Amino acid sequence: MNRREFLQKMILAGAAAGAAGLIGRPMRLFAQSADSGYPELVAVKNGMPESMFDRSMIAIGGLNRFFAKGATVVIKPNIGWDRPPEAGANTNPALVARIVKRCLEAGAGKVIVFDHTCDESLSCYRTSMIEKYARDAGAQVAPGASAGYYQEVTIAGAKTLKKAKVHELILEADAWINVPVLKSHGGAGMTAAMKNLMGIVWNRETFHAAGLDSCIADISLYRKPNLNVVDAYNVMLTQGPRGNAASKYRMEKMLIVSADIVAIDAACARVMGKESSAYGYIGMAKDRGVGRQNLEQLKIERISM
């Protein structure tokens, strides 16, 4: 399938579908501020998701650092579950809408939103409200529920996941932004930026069969996001990733932003009350050269609204 055929198919399918309170050692996440240049990680707290995103972009130098005018930008939230926004299982739809809007204002020629969902795709897109919010903000919303949208790629430097079938949007986009929600996960321990990359892959059952931590680290080698924006507003602490009536939550009111997918997951581990060593895939990704795990070596900006 060529690009034109894919996009036509995508559009037709879309039309048819119609902190205060960091646990552990809180100040260490914010231990360093950028004395010169832009910070490598920005953590904002005590605002609404939309305003925290805007403030983070001021701090980090704006979206034009991450894509050129006229670019096709793909935004990949977590839309995995047929759950409403208040459940904290999916990315906040208002945050997704604000990122779409700001990308278009920054000169993106096109913004496309998609995810390979876990529950039934149309229900996830609808119940999460991400489809509505993204469309209203000016994005195209693409399907991810058919194997025909995915192409096999080889992952250089992988230890376990040598090949994967990756969505064509990721392969063809000029830039892409990874927008997960922070929450617990029964297998990996935590869902954040790297775990969210399972939604760009078709054959993700391989991850569980071959070794979840190692496969998460491996897929992080392949076309890293230009930017990661972690929704840590209402954090699901237990019973993740889908959540249920017994799930426990903590209202962190936080947003964390970085181009370094390993560093941002190390920061998310702190929000979850643990060191990054508690999650095996973070150290594995660091060892594969994906990014930096030691937050003390980063320029970090703390913002309280």
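Residue indices begin at 1 and follow the sequence shown. Not measured: the values here are computed from a predicted model.
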Q: Going by an N to O cut-off under 4.0 Å, is there a salt bridge joining Asp54 and Arg98?
A: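 A salt bridge is present here (some side-chain N lies under 4.0 Å from a carboxylate O).
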
Q: Any salt bridge linking Glu40 with Arg292? Criterion: basic side-chain nitrogen under 4.0 Å from a carboxylate oxygen.
A: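 Yes.
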
Q: Taking it one step at a time, do Asp218 and Arg288 satisfy salt bridge (charged side-chain N to carboxylate O under 4.0 Å, His left out)?
A: CA-CA 8 Å; Asp218 283 339; Arg288 286 157 169 73; 2.7 Å; yes

Q: Do Glu252 and Lys45 have side chains that get closer than 4.5 Å, going by heavy atoms?
A: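 No, too far: nothing below the 4.5 Å cut-off.
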
Q: To the closest 0.5 Å, what do you measure between OH (Tyr281) and CG (Leu212)?
A: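 If we round to the nearest 0.5 Å, Tyr281:OH and Leu212:CG are 8.5 Å apart.
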
Q: Please determine whether residues Ile58 and Ile60 belong to a single hydrophobic cluster, defined as Ile, Leu, Val, Met, Phe, Trp and Tyr linked transitively by side-chain heavy-atom distances below 4.5 Å.
A: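 Each belongs to a different hydrophobic cluster.
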
Q: Taking side chain as C-beta onward, heavy atoms only, is Tyr38 less than 4.5 Å from Lys299?
A: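 Counting from C-beta outward, Tyr38 and Lys299 never come under 4.5 Å.
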
Q: Scan side-chain atoms only and decide if Thr154 and Lys163 contain a donor-acceptor pair under the 3.5 Å cut-off.
A: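 Yes.
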
Q: With a sphere of 6.0 Å drawn around OH of Tyr133, does it hold more than 12 non-hydrogen atoms of other residues, nucleotides or ligands?
A: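 12 or below, so no.
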
Q: Okay, side chain of His208, backbone of Gly187: is any donor-acceptor separation there less than 3.5 Å?
A: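 Not at all, since once roles are kept as given, no pair shorter than 3.5 Å links the two residues.
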
Q: Just wondering, do Met52 and Tyr233 contact through their side chains at under 4.5 Å, heavy atoms?
A: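 Sidechains of Met52 and Tyr233: in contact.
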
Q: Residues two or more places apart in sequence or in another chain: which of them pass salt bridge (Lys or Arg N to Asp or Glu O under 4.0 Å) with Asp265?
A: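 Result, salt bridge (Lys or Arg N to Asp or Glu O under 4.0 Å) vs Asp265: none returned.
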
Q: Test side-chain contact (heavy atoms from CB on, under 4.5 Å) on Met284 and Asp287 and set out the steps.
A: CA-CA 5 Å; Met284 291 178 183; Asp287 291 342; 5.7 Å; no

Q: I'd like to know if the side chain of Asp115 and the backbone of Asn78 have a donor-acceptor N/O pair within less than 3.5 Å.
A: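 No; judged by distance alone, with no hydrogens or angles, the pair does not exist.
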
Q: Return yes if some donor-acceptor pair links the side-chain N/O of Tyr222 with the main-chain N/O of Ala158 below 3.5 Å, else return no.
A: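 Pair absent, no side-chain N/O of Tyr222 close to backbone of Ala158.
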
Q: Would a 4.5 Å heavy-atom cut-off, applied to side chains only, mark Arg250 and Met272 as touching?
A: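 No; the side chains remain at least 4.5 Å from each other.
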
Q: How far apart are the closest heavy atoms of Asp260 and Gly291, and which atoms are they?
A: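 Minimum heavy-atom separation between Asp260 and Gly291: OD1-CA, 3.4 Å.
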
Q: Has Lys76 got a side-chain atom pairing as donor or acceptor with Asn196's backbone, closer than 3.5 angstrom?
A: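 Here the side-chain-to-backbone pair exists.
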
Q: Decide yes or no on side-chain contact (heavy atoms from CB on, under 4.5 Å) for Ser184 and Gln239, but give the supporting numbers first.
A: CA-CA 7 Å; Ser184 71; Gln239 309 297 320; 5.8 Å; no

Q: What residues, two or more places apart in sequence or in another chain, satisfy side-chain contact (heavy atoms from CB on, under 4.5 Å) together with Ala145?
A: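 Ala145 satisfies side-chain contact (heavy atoms from CB on, under 4.5 Å) with Ser121 once adjacent residues are dropped.
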
Q: So, the side chain of Asn178 versus the backbone of Leu197: is there a donor-acceptor pair under 3.5 Å, distance only?
A: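 Checked: no pair found.
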
Q: Please answer whether the main-chain N or O of Pro241 pairs with a side-chain N or O of Lys183 as donor and acceptor at a distance below 3.5 Å.
A: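 Yes: the side chain of Lys183 pairs with the backbone of Pro241.
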
Q: Please answer: with hydrophobic residues joined when any side-chain heavy atoms are less than 4.5 Å apart, are Met251 and Val235 in the same cluster?
A: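 Yes, one cluster joins them.
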
Q: Can you name the closest pair of heavy atoms from Ala285 and Met194 and give their distance?
A: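 Smallest interatomic distance, heavy atoms only, reads CB-SD, 3.5 Å.
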
Q: Under 4.0 Å between a Lys/Arg side-chain N and an Asp/Glu carboxylate O for Glu275 and Arg270?
A: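 So Glu275 pairs with Arg270 through a salt bridge.
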
Q: Counting N and O atoms only, with roles assigned by atom type, does the side chain of Ser128 sit under 3.5 Å from a partner on the main chain of Cys124, one being a donor and the other an acceptor?
A: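 Such a contact is found between Ser128 side chain and Cys124 backbone.
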
Q: Do Gln151 and Glu168 have side chains that approach each other closer than 4.5 Å (heavy atoms only, starting at C-beta)?
A: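 Of all side-chain heavy-atom pairs linking Glu168 with Gln151, at least one is under 4.5 Å.
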
Q: Nearest heavy-atom pair of Ser304 and Asn46: which atoms, and what distance?
A: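 In terms of heavy atoms, the two residues are closest at OG-ND2, 3.2 Å.
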
Q: Do the side chain of Lys195 and the main chain of Ala188 share a donor and acceptor less than 3.5 angstrom apart?
A: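 Not at all, since once roles are kept as given, no pair shorter than 3.5 Å links the two residues.
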
Q: Linking I/L/V/M/F/W/Y whenever their side-chain heavy atoms sit closer than 4.5 Å, directly or via other members, would Ile130 and Leu104 fall into one cluster?
A: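 Same hydrophobic cluster.
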
Q: Please report the closest heavy-atom contact between Ala142 and Ile112, naming both atoms and the distance.
A: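 Smallest interatomic distance, heavy atoms only, reads CB-CG2, 3.8 Å.
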
Q: Taking the six-membered ring for Trp and the full ring for Phe, Tyr or His, determine whether the centres of His116 and Tyr150 are under 6.0 Å apart.
A: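 Yes, ring centres under 6.0 Å apart.
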
Q: Suppose clustering is done on Ile, Leu, Val, Met, Phe, Trp and Tyr with side-chain heavy atoms closer than 4.5 Å. Which residues sit in the same group as Val181?
A: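 None; Val181 is a cluster of one.
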
Q: Over all heavy atoms of both residues, which pair between Gly199 and Phe114 is shortest? Give the atoms and the distance, please.
A: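 The pair with the smallest heavy-atom distance is O-CE1, 3.8 Å.
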
Q: For the hydrophobic clusters of this structure (ILVMFWY residues joined by side-chain heavy atoms under 4.5 Å, transitively), does one cluster hold both Val179 and Trp81?
A: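 Cluster IDs for Val179 and Trp81 differ.
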
Q: How many angstroms lie between atom CG of Leu122 and atom CG of Asp119, to the nearest 0.5 angstrom?
A: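 Answer for the CG-CG pair, Leu122 versus Asp119, is 12.5 Å.
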
Q: Quick one: CZ on Arg242 to CZ on Arg83, what's the gap to the nearest 0.5 Å?
A: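 Answer for the CZ-CZ pair, Arg242 versus Arg83, is 5.5 Å.
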
Q: Following the transitive rule for hydrophobic clusters with a side-chain heavy-atom cut-off under 4.5 Å over Ile, Leu, Val, Met, Phe, Trp and Tyr, establish whether Leu171 and Ile261 coincide in one cluster.
A: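 As far as the 4.5 Å side-chain criterion goes, Ile261 and Leu171 are connected within one cluster.
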
Q: Determine whether Thr117 and Tyr125 satisfy the following criterion, side-chain contact (heavy atoms from CB on, under 4.5 Å), listing intermediate values before the conclusion.
A: CA-CA 9 Å; Thr117 66; Tyr125 276 35; 3.7 Å; yes

Q: Got a second to check how far Ser247's OG is from Leu237's CG, nearest 0.5 Å?
A: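 Output value for this atom pair is 9.5 Å.
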
Q: Could you tell me the separation between the CE atom of Met190 and the NZ atom of Lys274, rounded to the nearest 0.5 Å?
A: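 Atom-to-atom, Met190:CE and Lys274:NZ are 9.5 Å apart.
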
Q: Under the side-chain contact (heavy atoms from CB on, under 4.5 Å) criterion, do Val262 and Ile282 qualify, and how do the steps go?
A: CA-CA 6 Å; Val262 177; Ile282 297 178; 4.0 Å; yes

Q: Check whether more than 12 heavy atoms from other residues, nucleotides or ligands sit under 6.0 Å from atom NZ of Lys162, and answer yes or no.
A: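 Yes, NZ of Lys162 has more than 12 neighbouring heavy atoms, counting only those of other groups under 6.0 Å.
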
Q: Flag the pair Val111 / Thr72 as yes when at least one side-chain heavy-atom distance between them is below 4.5 Å, and no otherwise.
A: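 When only atoms from C-beta onward are counted, Thr72 and Val111 do not touch, as no gap falls below 4.5 Å.
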
Q: Please examine the side chains of Leu182 and Asp231, heavy atoms only from C-beta on, and report whether any two atoms are closer than 4.5 Å.
A: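 Not in contact.
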
Q: How long is the straight-line distance from CG of Asp136 back to NZ of Lys101, given to the nearest 0.5 Å?
A: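 Between Lys101 NZ and Asp136 CG, I get 12.0 Å after rounding to 0.5 Å.
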
Q: I'd like to know if the side chain of Tyr249 and the backbone of Ala87 have a donor-acceptor N/O pair within less than 3.5 Å.
A: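 Present.
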
Q: Find out whether Val74 and Ile177 are in side-chain contact, i.e. whether some heavy atom of one side chain is under 4.5 Å from a heavy atom of the other.
A: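 The answer is no, as the side chains (C-beta and beyond) never meet within the 4.5 Å cut-off.
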
Q: Of all heavy-atom pairs between Val201 and Arg204, which one has the smallest distance, and what is that distance?
A: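 Taking every non-hydrogen atom into account, CG1-N, 4.1 Å.
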
Q: Measure from the side-chain N and O atoms of Asn228 to the backbone N and O of Ala193, and report whether any donor-acceptor pair falls under 3.5 Å.
A: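 A pair under 3.5 Å: no.
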
Q: Side-chain donor-acceptor pair under 3.5 Å between Thr127 and Asp82, yes or no?
A: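 Present: a donor and an acceptor within the cut-off.
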
